[in-house]
Amino acid sequence: MRVRYFAWLRQRTGVAEEEIDPPAEVRTVGDLARYLAQRHPRLGEVLQSRGVVRFAVNQEYADADTPVGPRDEVAFFPPVTGG
Amino acid sequence: MRVRYFAWLRQRTGVAEEEIDPPAEVRTVGDLARYLAQRHPRLGEVLQSRGVVRFAVNQEYADADTPVGPRDEVAFFPPVTGG
Amino acid sequence: MIRVVDGPFDPAAELARFARGRTDVGAVASFVGRVRDHDGRVPILAMTLEHYPGMTERMLARLEAEARRRWPLLDVLVIHRVGRMLPGEPIVLVATAAAHRHAAFESCAFLMDWLKTRAPFWKLEETPEGERWVEARSSDDEAAARWEQPAAE
Amino acid sequence: MIRVVDGPFDPAAELARFARGRTDVGAVASFVGRVRDHDGRVPILAMTLEHYPGMTERMLARLEAEARRRWPLLDVLVIHRVGRMLPGEPIVLVATAAAHRHAAFESCAFLMDWLKTRAPFWKLEETPEGERWVEARSSDDEAAARWEQPAAE
């Protein structure tokens, strides 16, 4: 599974993207977030705060219940500020 | 007094502008319109229809009660359609 | 700034100059109205814009002043062409510059709505069946009326 | 058409090409967002736009499709720059062409509002005190929310 981080979330993980192989219990974006919070404690600090972090699965907006699998690309990022 | 006509009102009078010297009873735009209706019968036909003709006195929008005098410029025109 | 011009003008070139070099501007909204080649099913061969010289400039200047009073604008440009023009040619350009986008968007729409209902211009269309004066549209009056309330800033 | 560019672009030159030669277009609305040299009292020395390559293009294409579904648009252009840029430089250009002005104005504002809240871009400002990520504004969410209702055509 490929995981990508953007903007200040990337600064918290220290990596822009990584290939991971989470345990089989990780079935949703929410599961994945809890798993990644252990891996990147400074990411974990903010993943708890609702509304601060957005998710995408395969480049589509997702929520905590969206299923994820080994071949998916999952992204974590703050609310967007373009334009 | 200078009177100007625009768009299809000008086509009804046949003149774009004229210098006139109306009788002293002509004190308002409404008086002037009635006076000009005699002078230009084809203008008179439409001056009766409310909302079809707009007035300006000295290049400011006016209404039938706006006073007019010998040194004024008075204009008659249809609703505007620019832009 | 307002300008009434009696020949072709180039909106893109005007926009290239508009608010150029100003680093306090975060948002530029613009609108260009052009002559269309048809109106419903009627082909339009050409369009002539008549105006009331003097009153036109006075009304446009007043529209600009009113827009600046309602929104914190950093620059305003209104160019309106008069005379005869062909399909595809620009009739009017309105551009507004502000720190933020809502002021730019709203003031630009406001200027067009009021210009359409307050500035003394009249359109004469040339069609295959002859000339005809464009009639004022009640939808333009309604669009202009929405700005009668104080601006929601 | 949508484009994500990683260097400077020239909005006026883009607008010169936009809907050129089309005589069915009566109205072109456009918006340019630029880097400002300050935010409140804080000087902005430069701005870096980060994005999510792939998802960005996908979301912008969807915004264009949604705008075309809601309004009878004859042409649409969205250009968004990424990377580092200086005050005064354009960040984004949105242009819409239609037969009539309300479709052009509304779709242009709609595209900017949704772009600001749905397209994966993030702004990093350089200030004299260091770098800081721009925070999302609730006013942008509110502006975007007004388009949730079906368009009043």
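Lettering follows sequence order; numbering is per chain, from 1.
Judged by distance alone, with hydrogens and angles left aside, the side-chain atoms of C:Arg70 form no donor-acceptor pair with the main-chain N or O of C:Ala103 at under 3.5 Å. For D:Glu148 (side chain) and D:Ala145 (main-chain N/O), no donor-acceptor pair under 3.5 Å exists by modelled atom type. Looking only at distances, no side-chain donor or acceptor of D:Ser30 sits under 3.5 Å from a matching main-chain atom of D:Ala95. C:Trp114 contributes a side-chain N or O that, together with a main-chain N or O of C:Ala144, makes up a donor-acceptor pair within less than 3.5 Å.
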> Stepwise, does the ring-ring contact (aromatic ring centres under 6.0 Å, His included) test hold for D:Trp71 with D:Phe110?
Replying inline: CA-CA 10 Å; D:Trp71 292 277; D:Phe110 163 82; 5.2 Å; yes
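Screening D:Arg84, D:Arg132, D:Met47 against D:Glu126 for a side chain to side chain contact (heavy atoms under 4.5 Å, CB included) leaves a single residue, D:Arg84.
For C:Ala19, the parts lying under 4.5 angstrom from a heavy atom of chain D are both the backbone and the side chain. Looking at C:Val92, neither its backbone nor its side chain comes within 4.5 Å of chain D, counting heavy atoms on both sides. For chain C, the nearby part of D:Val35 is the backbone; its heavy atoms alone come within less than 4.5 Å. Of the two parts of C:Asp113, the backbone and the side chain both hold a non-hydrogen atom closer than 4.5 Å to a non-hydrogen atom of chain D.
Chain D forms more heavy-atom pairs under 4.5 Å with one residue of C:Ala16, C:Ala104, C:Ala99 than with any other, namely C:Ala99. The residue among D:Ala13, D:Ala97, D:Pro87, D:Pro11 with the most heavy atom pairs within less than 4.5 Å of chain C is D:Pro87. The choice from C:Leu15, C:Asp10, C:Asp24 that makes the most heavy-atom pairs within less than 4.5 Å of chain D is C:Asp24. Counting heavy-atom pairs closer than 4.5 Å to chain C, the top residue among D:Ala109, D:Gly21, D:Ala29, D:Ala143 is D:Ala109. Contact count against chain D (heavy-atom pairs under 4.5 Å) is highest for C:Gly26 among C:Ser139, C:Gly88, C:Gly26. Of all the listed residues (D:Thr96, D:Val25, D:Leu93, D:Ile44), the one sharing the greatest number of non-hydrogen pairs under 4.5 Å with chain C is D:Val25.
A salt bridge is defined here as a Lys NZ or Arg NE, NH1 or NH2 lying under 4.0 Å from an Asp or Glu carboxylate O, and C:Arg17 with C:Asp75 fails to meet this definition.
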